[in-house]
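This structure is a prediction, so every number in the text was calculated from the model and none was measured.
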Amino acid sequence: MSILRAIAVAFSTYSKIPMPQFPWKDEDMRYSMCFFPWVGAVIGGLVWGWFRLSAAFGISMLTYVLIAAVIPLLVTGGFHVDGFMDTMDAFHSYQPRERKLEILKDSHIGAFSVIMLAVFGLIYLAAFAQITDSRALMVFCCGFFLSRCLSGLSVVSFRSAKSDGMLYHFASTAHERRVKAALYVQLLACMGLMLYFSISAAVPVLTAALLVFAYYRWRSYKELGGITGDTAGWFLTVCEGAMAAAAAVASLM
């Protein structure tokens with residue numbers, strides 16, 4: 001029962017998929033991060049299913065690409081994109097660390113968040129449209145699971161910039177050793193599956209994801225002294241964009 005409650009907490013927090021409602025307790029959140037990657041598995045499965053459906057019914061490339069880009073937003077409710085936009089405002093403010101943390105909490109959006117989201121969206125659409133090889137697409141679809149494994153590991157491994165907020169609460173209530181072990185096992189299994197589908201596509205996609213992960217830690221520590229829930233969303237968004245670009249290059253080659 002505790003595992004089922006942990007799954008419900010993970011999907012209720014990080015997706016719009018309907019879940020049973022109940023009062024959350026700390027023990028329910030202790031292992032919820034272990035199941036965070038499975039939100040990505042749902043997204044990847046839906047994107048792959050949409051690809052097969054589009055091919056079967058001759059759906060136009062424009063329609064296929066636009067709906068494929070919308071699927072992650074529909075599943076998550078734009079949860080991580082919101083963090084991306086807040087982080088872009090904070091990083092581009094060039095203010096002291098304390099002021100950047102205040103900007104992250106501000107519910108209003110600034111010009112930089114809109115500009116950077118438009119830039120990211122156009123690059124993502126262009127990259128996704130170029131993933132024409134089915135094996136490269138399978139690898140990319142696995143990337144939604146991979147990025148959440150890495151994000152979950154950051155929550156229980158990286159320093160938090162604040163002593164409050166959702167990320168801090170998840171990190172402080174998680175059973176660190178077991179959650180790390182579960183996420184590492186899932187991460188390695190996902191990497192193995194990606195390499196099985198296509199080594200030539202998996203290598204650049206994995207390289208892109210790990211480079212963004214390293215950059216995420218460096219930039220968050222440099223700018224904010226640690227990570228926050230918003231920077232975690234920023235990482236997930238940028239990581240998936242980088243993996244799409246890497247998969248597009250692999251597909252071309």
Side-chain angles (χ1 to χ4, degrees), residues 3-22 24 28-29 31-56 59 63-84 121 124-125 127-128 131 134-155 166-167 170 174 179 182-194 196-197 201-202 205-206 209 229 232-244 247:
I3 296 299
L4 293 176
R5 292 168 75 94
I7 293 171
V9 169
F11 275 78
S12 296
T13 304
Y14 297 109
S15 81
K16 287 293 185 180
I17 299 171
M19 287 285 132
Q21 299 300 307
F22 54 89
W24 291 4
D28 299 326
M29 303 175 69
Y31 300 107
S32 61
M33 197 56 62
C34 299
F35 304 100
F36 177 34
W38 291 94
V39 177
V42 172
I43 296 171
L46 289 173
V47 171
W48 177 253
W50 172 239
F51 163 72
R52 296 300 299 268
L53 188 69
S54 299
I59 293 172
T63 303
Y64 161 66
V65 170
L66 292 178
I67 292 181
V70 166
I71 287 173
L73 296 176
L74 292 177
V75 174
T76 64
F79 184 80
H80 307 294
V81 175
D82 175 70
F84 171 86
Y124 182 87
L125 289 172
F128 189 85
I131 307 175
S134 61
R135 293 173 302 170
L137 180 62
M138 290 172 74
V139 169
F140 173 68
C141 288
C142 292
F144 292 106
F145 188 95
L146 179 85
S147 62
R148 284 161 177 77
C149 287
L150 293 173
S151 182
L153 284 170
S154 75
V155 170
M166 181 182 292
L167 181 138
F170 270 92
V179 170
L183 288 172
Y184 273 121
V185 169
Q186 293 178 86
L187 177 68
L188 292 174
C190 183
M191 288 179 169
L193 187 62
M194 294 165 79
Y196 172 76
F197 286 147
V205 169
L206 289 171
W234 168 77
F235 159 71
L236 205 67
T237 305
V238 174
C239 183
E240 288 168 5
M243 289 190 292

- Message: Test side chain to side chain contact (heavy atoms under 4.5 Å, CB included) on Glu240 and Ile43; report intermediate values, then the result.
- Response: CA-CA 12 Å; Glu240 288 168 5; Ile43 296 171; 5.9 Å; no
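- Ala10 and Val39 get closest at one heavy-atom pair: O-CG2, 4.4 Å.
- Heavy atoms only, all atoms of each residue included: Gln21 and Ser12 are closest at NE2-OG, 4.4 Å.
- Leu183 approaches Gly152 most closely through the heavy-atom pair CD1-C, 3.5 Å.
- Gly241 and Tyr124 make their closest contact through CA-CD1, 4.0 Å (heavy atoms, listed as atom of the first residue, atom of the second, distance).
- For Tyr14 and Phe79, the ring centers sit closer than 6.0 Å to each other.
- Counting heavy atoms from C-beta on, the side chains of Cys190 and Met194 come closer than 4.5 Å.
- For Ala68 against Trp50, the heavy-atom pair with the smallest separation is N-NE1, 3.7 Å.
- For Phe145, the ring-ring contact (aromatic ring centres under 6.0 Å, His included) test picks out Trp38, with sequence neighbours left out.
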- Item | Derivation and outcome, side chain to side chain contact (heavy atoms under 4.5 Å, CB included), residues Thr13 and Phe36 | CA-CA 9 Å; Thr13 304; Phe36 177 34; over 6 Å; no
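- Between Phe51 and Ile131 the shortest side-chain heavy-atom distance does not fall below 4.5 Å.
- At a threshold of 4.5 Å between non-hydrogen side-chain atoms, the residues Leu236 and Arg148 count as touching.
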- Task: For the pair Ser154 and Phe235, evaluate side chain to side chain contact (heavy atoms under 4.5 Å, CB included) and give the outcome as yes or no after the intermediate values.
- Result: CA-CA 10 Å; Ser154 75; Phe235 159 71; 5.5 Å; no
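- Between Ile59 atom CD1 and Ile67 atom CD1 the span is 6.5 Å, to the nearest 0.5 Å.
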- Start with the C-alpha distance between Trp48 and Ser134, add both sets of side-chain angles, then the distance that settles side chain to side chain contact (heavy atoms under 4.5 Å, CB included), and finish with yes or no. CA-CA 9 Å; Trp48 177 253; Ser134 61; 4.2 Å; yes
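- The aromatic rings of Phe144 and Phe140 sit perpendicular to each other, their planes meeting at more than 60°, with 30° as the lower class boundary.
- If you take OG on Ser147 and CG on Leu187, they are separated by 10.5 Å, rounding to the nearest 0.5 Å.
- How far SG of Cys142 is from OH of Tyr196: 12.0 Å, rounded to the nearest 0.5 Å.
- A search for side chain to side chain donor-acceptor pair (under 3.5 Å) contacts involving Thr237 returns nothing, not counting sequence neighbours.
- Note that the SG atom of Cys239 and the NE2 atom of His80 stand 11.5 Å from one another [nearest 0.5 Å].
- Interatomic distance, Ile71 CD1 to Leu66 CG, rounded to the nearest 0.5 Å: 11.5 Å.
- Among pairs with a residue in residues 64-79, none fulfils side-chain hydrogen bond (donor to acceptor under 3.5 Å, both in side chains), at least two apart in sequence or across chains.
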